[in-house]
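For reference, the structure discussed in these notes is given below.
Just so it is clear, the structure is predicted and the values come from calculations on it, not from any experiment.
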Amino acid sequence: MTSERTPRSEPVSLSTALASFTDLWSPRIVTAVNDYDVRIAKVEGEHLWHVHEHTDEFFLVVEGELHIALRETDGERTVTLSRGSVFTVPRGTEHKPYAPAGAAILMFEPTGTLTVGDRHDEVPDHVDATTGHALA
């Protein structure tokens, strides 16, 4: 059996994988690449302000539209990612993803990275503070 943290020996359909769960802000690990997890998540509403001190965070929008608010040296700004768009939040940058109308996203993160980063606001009930769940 393939563990949740090793490369899969068969292709994974992202649409099938996304259809296998309904939880929001609760990523599933679809495969691994070296020391990185490839995670997918369904998102809607707001996540929380958080920062990953030691790693960048890569986002690919599979469905819908994702906004990422960023607190940078020059102030706050928001990037908007439509379907098929990618963006990397640099390590040490405080950010808050949100999807007013819902979205499905794919992320690359080092194995063991918490979804709420190293520093964060209080975690609301609708956000799963996890290192990712195995894909059913």
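- Summarising the local packing, CZ of Phe58 is surrounded by more than 12 heavy atoms from other residues, nucleotides or ligands at distances under 6.0 Å.
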Give every donor-acceptor pair under 3.5 Å between a side-chain atom in residues 67-74 and any protein atom, sequence neighbours left out.
unit_1, atom_1, unit_2, atom_2, d
His67, ND1, Thr80, OG1, 3.2
His67, NE2, Glu65, OE1, 3.2
Arg71, NE, Glu76, OE2, 3.0
Arg71, NH1, Glu94, OE1, 3.4
Arg71, NH1, Glu94, OE2, 3.1
Glu72, OE1, Arg77, NE, 2.7
Glu72, OE2, Arg77, NE, 3.2
Glu72, OE2, Arg77, NH2, 3.3

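- A pairwise comparison of heavy atoms in Pro27 and Ala41 identifies CA-CB, 3.9 Å as the closest pair.
- Atom-to-atom distance recorded for His120:NE2 and Leu114:CG is 7.0 Å, nearest 0.5 angstrom.
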Exercise for the section: Start with the C-alpha distance between Ile105 and Ile40, add both sets of side-chain angles, then the distance that settles side-chain contact (heavy atoms from CB on, under 4.5 Å), and finish with yes or no. Expected result: CA-CA 6 Å; Ile105 59 176; Ile40 56 171; over 6 Å; no
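- The two residues His47 and His126 come nearest to each other via the heavy atoms O-NE2, 4.4 Å.
- Annotation: cation-pi pair Arg39/Phe108 absent, no NZ/CZ under 6.0 Å from the ring centroid and within 45° of its normal.
- Note: His50 and His52 meet the aromatic proximity criterion, with ring centroids under 6.0 Å apart.
- When every heavy atom of Ser82 is checked against every heavy atom of Val61, the shortest pair comes out as O-CB, 3.5 Å.
- Remark: side-chain polar atoms of Thr115 are paired, donor with acceptor, to backbone N or O of Thr130 under 3.5 angstrom.
- Atoms CG and CZ, on Asp56 and Phe87 in that order, are 10.0 Å from each other to the nearest 0.5 Å.
- Of the possible polar contacts, none joining the Lys42 side chain to the Trp25 backbone as a donor-acceptor pair under 3.5 Å is found.
- For Glu53, the CD atom is densely surrounded, since the number of other residues' heavy atoms within 6.0 Å is greater than 12.
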Exercise for the section: Show your reasoning for whether side-chain contact (heavy atoms from CB on, under 4.5 Å) applies to Ser20 and Leu135. Expected result: CA-CA 8 Å; Ser20 72; Leu135 187 61; 3.7 Å; yes
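- Thr111 and Asp35 form no side-chain donor-acceptor contact under 3.5 Å, judged by distance and modelled atom types alone.
- There is a side-chain donor-acceptor pair under 3.5 Å between Asp128 and His133.
- Here the CZ-CG distance, from Arg83 to Leu60, works out to 10.0 Å after rounding to the nearest 0.5 Å.
- Here Glu46 contributes atom CD and Asp121 contributes atom CG; the two are 10.5 Å apart, rounded to the nearest 0.5 Å.
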Problem - Verdict with reasoning, Thr93 to Val51, per side-chain contact (heavy atoms from CB on, under 4.5 Å) - result: CA-CA 6 Å; Thr93 302; Val51 62; 5.6 Å; no
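- Distance CG/Asp37 to OG1/Thr131: 7.5 Å, rounded to 0.5 Å.
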